[in-house]
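Below is one structure; the comments refer to it alone.
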Amino acid sequence: AQSVTQLDSHVSVSEGTPVLLRCNYSSSYSPSLFWYVQHPNKGLQLLLKYTSAATLVKGINGFEAEFKKSETSFHLTKPSAHMSDAAEYFCVVSSGYSTLTFGKGTMLLVSP
Amino acid sequence: NAGVMQNPRHLVRRRGQEARLRCSPMKGHSHVYWYRQLPEEGLKFMVYLQKENIIDESGMPKERFSAEFPKEGPSILRIQQVVRGDSAAYFCASSPFSGSGANTGELFFGEGSRLTVL
């Protein structure tokens with residue numbers, strides 16, 4: 001069994017300040033973990049993925065995530081938010097050949 | 001290389017009617033997944049198909065919902081006798097790889113079909 005919990009439904013930041021979107025997971029096996037982004041009325045786009053290689057993963061648009069097995073976390077960060085980062089972000093877990101399990105999403109709001 | 005194409009983007013149906021949602025995967029992809037997204041919910045897996053085969057339908061409601069991916073043509077998600085609770089965004093994703101795409105990492109998503117049931 002696997003599950004993922006996104007700890008914040010909404011996160012608000014000012015442009016130019018750091019972003020932290022939190023995600024905890026549960027998995028019976030060594031998981032693969034992903035972050036997807038969804039802009040309004042659009043499909044989901046893969047930001048980054050962790051598949052048992054380096055624990056610090058770099059993605060597109062300056063986003064990073066660190067896999068911490070001891071904390072069962074995979075938090076998403078970005079040093080400096082941009083207005084175009086405003087979107088909904090989904091943390092996703094998959095184990096072995098099981099289907100992907102999505103978190104409920106975190107809406108990122110960026111103010112000028 | 002065109003992405004995953006879904007149509008219609010928006011569909012309005014009255015209770016009791018049928019809804020058909022179509023998905024053309026990316027060129028070269030033979031694995032298709034359907035997900036449903038309800039307001040303020042994450043995506044919920046419905047079904048995973050390969051050409052002419054349903055591989056995993058553990059997320060499909062037992063009644064009124066069906067999916068196919070024929071040898072030729074798009075994948076179709078069919079909802080019979082729709083009810084208001086079926087109102088949601090339905091996303092299709094494709095992958096060139098078997099399983100969930102997990103070991104490679106990536107599903108490619110369409111922009112979704114938004115079903116509204118009056």
Side-chain angles (χ1 to χ4, degrees), chain A residues 1-10 21 23-25 27-54 57-60 65 67 74 87-107, chain B residues 2-10 21 23-26 31-50 54-60 67 88-114 116:
Chain A
Q2 59 189 29
S3 66
V4 61
T5 302
Q6 291 184 242
L7 296 159
D8 305 294
S9 60
H10 294 80
L21 305 183
C23 171
N24 287 100
Y25 70 91
S27 174
S28 303
Y29 305 97
S30 297
S32 294
L33 293 156
F34 315 90
W35 277 97
Y36 281 83
V37 60
Q38 184 181 28
H39 287 91
N41 297 315
K42 296 292 186 183
L44 279 77
Q45 180 185 15
L46 181 69
L47 269 182
L48 49 79
K49 62 183 179 183
Y50 165 78
T51 54
S52 75
V57 180
K58 293 185 184 299
I60 61 173
F67 174 69
F74 191 57
E88 191 160 21
Y89 292 79
F90 293 94
C91 182
V92 183
V93 64
S94 181
S95 304
Y97 286 94
S98 65
T99 54
L100 303 182
T101 299
F102 284 75
K104 290 190 175 182
T106 298
M107 185 67 72
Chain B
V4 177
M5 303 300 293
Q6 289 189 248
N7 68 83
R9 292 291 312 279
H10 300 275
L21 310 177
C23 169
S24 296
M26 285 185 71
H31 305 267
V32 166
Y33 307 77
W34 285 94
Y35 285 81
R36 176 163 61 176
Q37 185 180 33
L38 293 167
E40 300 191 2
E41 294 281 334
L43 274 69
K44 301 293 186 187
F45 168 76
M46 298 182 76
V47 62
Y48 161 39
L49 311 103
Q50 295 177 20
I54 296 174
I55 306 302
D56 181 353
E57 55 181 348
S58 58
M60 288 279 270
Y90 292 85
F91 287 92
C92 172
S94 73
S95 169
F97 304 102
S98 63
S100 68
N103 290 342
T104 66
E106 189 167 0
L107 295 184
F108 294 83
F109 282 85
E111 295 192 340
S113 291
R114 282 157 181 81
T116 300

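Order of the sequence lines fixes the chain letters, A, B, ..., with proteins taken first and strands second; residue numbering starts at 1 for each chain.
- Residue-environment remark: CE (B:M5) stays at or below the threshold of 12 foreign heavy atoms within 6.0 Å.
- To the nearest 0.5 Å, atom OH of residue A:Y36 and atom CG of residue B:L43 are 10.0 Å apart.
- To the nearest 0.5 angstrom, B:Y35 atom OH is 5.0 Å from A:F102 atom CZ.
- The side-chain hydrogen bond (donor to acceptor under 3.5 Å, both in side chains) check on A:Q6 picks up A:T106, with sequence neighbours excluded.
- Across all their heavy atoms, A:K42 and B:F91 have their closest contact at O-CE2, 3.7 Å.
- Interatomic distance, B:E111 CD to A:L44 CG, rounded to the nearest 0.5 Å: 11.0 Å.
- For B:Q6, no part lies under 4.5 angstrom from a heavy atom of chain A.
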